Amino acid sequence: MEPTNSASSTHRAATTWHWPVRDYSLDHTLGCGQAFRWTRVSDAWEGVVGTRWVRLREGDGAIVAETAEAQQDWDWLNEALQLRVDLQAILATFPDDPALAEAVAACGGLRVLRQEPWECLASFMLSATKQIVQIRQIVATLCERFGDAVAVPAGHPPAYAFPRPGQLAELTEAQLRECKAGFRAPRLLAAARAVAEGRLDLDTLGQLPLDDTRARLMALDGVGRKIADCVLLFAGGFDQVFPIDVWVLRALHELYFPRRRPRPSVLRHFSETHFGPYGGHAQQYLFHYLRMRTRGNRSRTMIPAA
DNA sequence: ACCCAGGATGGAA
DNA sequence: TTCCATCATGGG
């Protein structure tokens with residue numbers, strides 16, 4: 001432990017932080033379904049990053065953060081929100097096609113977060129055949145029952161950290177099923193034990209070759225290509241990885257292969273080559289755009305042909 | 001009652 | 001390879 005009272009800094013610990021940034025939409029970034037622990041509370045977003053409760057607002061050309069306890073530094077939040085990323089530079093790498101352009105126009109300021117690997121893996125293991133609102137509920141229950149309480153402002157409802165692998169590893173399958181995890185319960189339990197016992201190392205996620213890392217994730221029971229790719233993109237920083245779920249599958253089919261029946265291998269190859277080095281970001285734009293449209297129209301109508 | 005949800009899996013075609 | 005039923009559970 002290093003002392004926190006050394007007079008080495010020019011700034012004091014504080015509970016508020018101000019970071020100038022352009023093109024950052026909290027609504028699109030925190031509400032698009034890439035993470036499950038953020039909640040909109042009036043004009044702000046509240047969540048827990050690691051063991052810290054935080055409230056975020058869009059200020060005047062900046063993101064303004066507020067914590068319950070004074071922070072010596074804010075690198076943890078800067079990293080989690082990817083505030084140093086130049087969004088325009090990413091958008092410049094996108095292919096010039098009308099469907100993606102429309103999605104980008106509709107989801108301005110959508111960013112890809114950097115999540116904690118274990119929380120990301122566990123959350124997406126719970127996502128299989130669930131609606132996002134239900135995934136959020138399962139994760140919230142898991143945190144309330146088995147996660148450590150974290151400091152919150154006076155009078156604020158309690159908040160909890162995501163349970164560590166070791167905390168979940170000691171549970172029973174029945175306890176996880178009581179959180180509505182269903183058939184995912186035994187798989188999550190096995191994954192927690194693998195991480196807790198050191199058989200799966202998530203600390204080096206992003207530091208090893210993509211294919212090796214993907215294979216290690218998919219070796220887990222309950223982790224297939226899609227969930228592995230979500231972890232690689234959202235926690236591993238593999239920006240080019242393009243997770244294909246039912247929504248994106250429809251989008252690819254309708255937008256890029258209309259009235260055809262491309263083989264899955266063709267669609268996958270297309271998704272890996274068409275969208276460039278930040279394909280995962282493009283995927284998130286398509287995903288969120290399609291869901292916003294569908295939800296808003298209360299129908300399953302696809303995007304009309306251009 | 002019926003269908004679907006940010007899927008994965010084992011077995012059949 | 002590709003297709004299919006099955007796995008829990010809640011909401012439309």
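These numbers come from the heavy atoms of this one structure, side chains and all, not from hydrogens, waters or symmetry mates. Predicted model, so just to flag it, every value in this text is computed and none were measured. Per chain, numbering begins at 1; letters A, B, ... match sequence-line order.
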(request) Any chance you could pull the hydrophobic cluster mates of A/Val54, using side-chain heavy atoms under 4.5 angstrom and chaining through other members? (result) A/Trp17, A/Trp19, A/Val21, A/Tyr24, A/Leu26, A/Leu30, A/Trp38, A/Trp45, A/Val49, A/Leu56, A/Ile63, A/Trp74, A/Trp76, A/Leu77, A/Leu81, A/Leu83, A/Leu113

(message) Restricting to side-chain hydrogen bond (donor to acceptor under 3.5 Å, both in side chains), what partner residues turn up for A/Glu178, sequence neighbours left out?
(response) none

(message) Can you pull out every side-chain hydrogen bond (donor to acceptor under 3.5 Å, both in side chains) where at least one residue sits in residues 183-194 of chain A? Sequence neighbours excluded, please.
(response) none

Output a table of nitrogen or oxygen pairs between the protein and nucleotides 1-6 of chain C separated by less than 3.5 Å.
from  : atom 1 : to       : atom 2 : distance (Å)
C/dT2 : OP1    : A/Arg263 : NE     : 2.9

(message) Applying side chain to side chain contact (heavy atoms under 4.5 Å, CB included), can you list everything that pairs with A/Gln207, at least two apart in sequence or on another chain?
(response) A/Thr204

(request) Using the test salt bridge (Lys or Arg N to Asp or Glu O under 4.0 Å), find all partners of A/Glu116 that sit at least two apart in sequence or belong to another chain. (result) none

(request) Strictly below 4.0 Å, heavy-atom distances to any atom of DNA chain C: list the hits from residues 168-191 of chain A, or just say none. (result) A/Lys180, A/Gly182, A/Phe183, A/Arg184

(request) For DNA chain B, find the residues of residues 212-219 of chain A with a heavy-atom distance under 4.0 Å and give them by number; none if there aren't any. (result) none

(message) What residues from residues 225-233 of chain A pass a heavy-atom cutoff of under 4.0 Å to DNA chain B?
(response) A/Arg225, A/Lys226, A/Ile227

(message) So, using ring pair (Phe, Tyr, Trp, His ring centres under 6.0 Å) as the criterion, who are the partners of A/Tyr278 when residues are at least two apart?
(response) A/His281

(request) State the dot-bracket string of DNA chain C. Criteria: Watson-Crick or G-U wobble, both atom distances under 3.5 angstrom; notation: ( ) intrastrand, [ ] crossing earlier pairs, | interstrand, . unpaired. (result) |||||||.||||

(request) Report which part of the nucleic acid A/Gln34 touches: base, sugar-phosphate, or nothing (heavy-atom distance under 4.0 Å, all strands). (result) base

(request) Strictly below 4.0 Å, heavy-atom distances to any atom of DNA chain B: list the hits from residues 277-287 of chain A, or just say none. (result) A/Gln283, A/Gln284, A/Phe287

